[in-house]
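This is the structure, below, for whatever I ask next.
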Amino acid sequence: MIDNDNDGWEDVADPREVKALLGVKGVRDMGKASGLPKAPPTGAPLDLDTPVKPPTGSAAQAAYTKVGASRAMLQQLNKVRHLYDKNMSKTGLQGAAEFNPFRRENQEFDGAVAAIPLLARQAFRVSGSGSDSDRELKLITDALPNRWSFDASNKERFATLDSVLRGFVTNYGGLAGYSPEQIKGLQGQHVYGQRRQLPKAPPRAPASSSGWTITRKK
């Protein structure tokens with residue numbers, strides 16, 4: 001009796017005996033066992049750049065392009081917001097500098113804003129994008145912030161444009177081949193003012209009821 005693995009049972013080495021014991025299907029499964037794909041590691045980051053279903057056809061390709069452009073515009077919108085908060089939120093006489101076209105900060109802000117409709121035109125004027133593209137493009141251009149509007153108006157413009165762009169990600173994500181988990185992850189990208197929560201400090205020991213503390217003298 002041969003028991004190589006010391007499990008108390010005789011090892012079966014003859015292929016004819018193995019086939020008789022397991023059947024043909026069992027032998028096939030044993031042969032394939034070593035080639036089974038490994039499960040993804042637990043906690044692996046979700047890939048947000050590659051749709052789970054490759055977009056095929058003009059409509060799916062157009063949707064994929066729109067999702068990508070919307071992500072790029074959301075990132076650019078955050079840059080515009082930071083520039084606005086940094087250089088366009090002054091009041092009084094200092095606020096009048098916002099209307100000077102030769103001011104470096106104003107030119108930088110205008111250039112950042114102008115990049116958003118350029119990205120939109122590239123994405124929403126592609127074959128297969130559908131008849132709604134002109135209306136979608138107008139939604140974007142109408143919601144662009146500018147130096148001539150009041151702060152309250154620009155605040156609404158930022159919120160509107162952010163909502164419109166995230167809506168494009170939701171509406172076109174499925175057609176582009178993204179899974180619901182991926183779409184949810186894309187929705188959480190480029191959120192303005194998003195900060196990681198700092199860990200809370202450990203609770204302090206309660207004070208003595210008598211108000212006295214004991215220290216060791218060195």
Side-chain angles (χ1 to χ4, degrees), residues 46 48-49 59 61-176 178 180-198:
L46 182 64
L48 299 179
D49 297 322
Q61 287 287 347
Y64 176 75
T65 302
K66 288 185 177 183
V67 171
S70 298
R71 296 174 64 188
M73 284 186 281
L74 282 168
Q75 187 173 12
Q76 185 67 16
L77 179 62
N78 272 351
K79 179 179 179 181
V80 173
R81 282 170 158 172
H82 283 294
L83 291 174
Y84 188 87
D85 289 348
K86 180 181 178 182
N87 302 316
M88 307 292 161
S89 300
K90 301 292 191 299
T91 58
L93 293 176
Q94 291 182 337
E98 299 176 10
F99 303 103
N100 181 0
F102 301 104
R103 183 173 176 243
R104 180 183 60 81
E105 292 84 356
N106 294 348
Q107 293 176 354
E108 186 179 10
F109 176 80
D110 291 344
V113 173
I116 296 178
L118 287 178
L119 290 169
R121 290 189 184 97
Q122 292 175 3
F124 290 80
R125 295 293 178 86
V126 295
S127 61
S129 58
S131 59
D132 291 334
S133 290
D134 288 337
R135 287 192 292 271
E136 292 167 343
L137 185 58
K138 189 174 187 304
L139 278 174
I140 294 173
T141 54
D142 287 350
L144 290 174
N146 60 76
R147 291 185 291 109
W148 310 101
S149 298
F150 290 108
D151 289 343
S153 176
N154 276 324
K155 183 178 179 180
E156 290 298 323
R157 288 173 179 268
F158 279 127
T160 299
L161 186 54
D162 183 272
S163 178
V164 167
L165 295 176
R166 294 187 193 281
F168 291 153
V169 173
T170 301
N171 294 336
Y172 291 106
L175 181 58
Y178 291 99
E181 292 77 13
Q182 287 179 311
I183 294 174
K184 184 178 179 180
L186 294 173
Q187 283 278 10
Q189 285 187 321
H190 310 307
V191 177
Y192 183 68
Q194 189 178 48
R195 297 289 184 270
R196 289 185 178 180
Q197 294 290 334
L198 295 176

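Values in this document were obtained by computation on a predicted structure and should not be read as measured data.
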Mind listing the closest non-hydrogen atom pair of Val113 and Pro117 along with its distance?
->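 Distance-wise, the nearest heavy atoms are O-CD, 3.1 Å.
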Looking only at heavy atoms, which two atoms of Val67 and Ala176 are closest? And how far apart?
->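 Here Val67 and Ala176 meet closest at CG2-CB, 4.3 Å.
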Measure the spacing between CZ of Arg166 and CE of Met73 and express it to the nearest 0.5 Å.
->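 One gets 12.0 Å once the value is rounded to the nearest 0.5 Å.
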Calculate, to the nearest 0.5 Å, the distance between atoms CG and CD1 belonging to Leu165 and Ile140 respectively.
->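 Answer rounded to 0.5 Å: 5.5 Å.
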Report yes or no: does Asn154 contribute a side-chain atom to a donor-acceptor pair with the main-chain N or O of Pro145 at less than 3.5 Å?
->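 Not confirmed, Asn154 side chain does not pair with Pro145 backbone.
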Might you point out which heavy atoms bring Ala115 and Gln76 nearest each other, and give the distance in Å?
->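 Of all heavy-atom pairs spanning Ala115 and Gln76, the closest is CB-NE2, 3.7 Å.
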Kindly indicate whether the side chain of Tyr64, heavy atoms from C-beta on, has any atom under 4.5 Å from the side chain of Tyr178.
->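 The answer is yes, as the side chains (C-beta and beyond) meet within the 4.5 Å cut-off.
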What is the distance from atom CD1 of Ile116 to atom CZ of Arg121, rounded to the nearest 0.5 Å?
->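 Separation between the atoms: 12.0 Å.
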So do the side chains of Asn146 and Arg157 get within less than 4.5 Å of each other, counting heavy atoms only?
->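 Result yes, sub-4.5 Å side-chain heavy-atom pair found.
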Measure the shortest side-chain to side-chain distance between Arg147 and Asp110 over non-hydrogen atoms and say whether it is less than 4.5 angstrom.
->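 In contact.
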Of all the heavy-atom pairs spanning Val169 and Ser70, show the shortest one and how long it is.
->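 Closest approach of Val169 to Ser70: CG2-CB, 3.9 Å.
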Dump the intermediate steps for side chain to side chain contact (heavy atoms under 4.5 Å, CB included) on Asp49 and Arg71, then the final yes or no.
-> CA-CA 10 Å; Asp49 297 322; Arg71 296 174 64 188; 3.0 Å; yes
For the residue pair Tyr192 and Phe158, is the inter-centroid distance of their aromatic rings smaller than 6.0 Å?
->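 Here the rings of Phe158 and Tyr192 have centres that are no less than 6.0 Å from each other.
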Gap separating the CG atom of Leu139 from the CG atom of Asp134, nearest 0.5 angstrom =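 Rounded to the nearest 0.5 Å, the CG-CG separation comes out at 11.5 Å.
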Which is it for Glu105 and Leu83 under the side chain to side chain contact (heavy atoms under 4.5 Å, CB included) test, yes or no, and what are the steps along the way?
-> CA-CA 8 Å; Glu105 292 84 356; Leu83 291 174; over 6 Å; no
Do Phe109 and Asn87 come close enough that some side-chain heavy atom pair is under 4.5 Å?
->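 They are not in side-chain contact.
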Are any non-hydrogen side-chain atoms of Tyr172 and Thr65 less than 4.5 angstrom apart?
->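 Counting from C-beta outward, Tyr172 and Thr65 never come under 4.5 Å.
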Under the salt bridge (charged side-chain N to carboxylate O under 4.0 Å, His left out) rule, what pairs show up with a residue in residues 72-82, not counting sequence neighbours?
->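 Qualifying pairs, neighbours excluded: Arg81-Asp162.
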N/O donor-acceptor pair under 3.5 Å between Thr141 side chain and Lys138 backbone =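 Yes, Thr141 side chain to Lys138 backbone: donor-acceptor pair under 3.5 Å.
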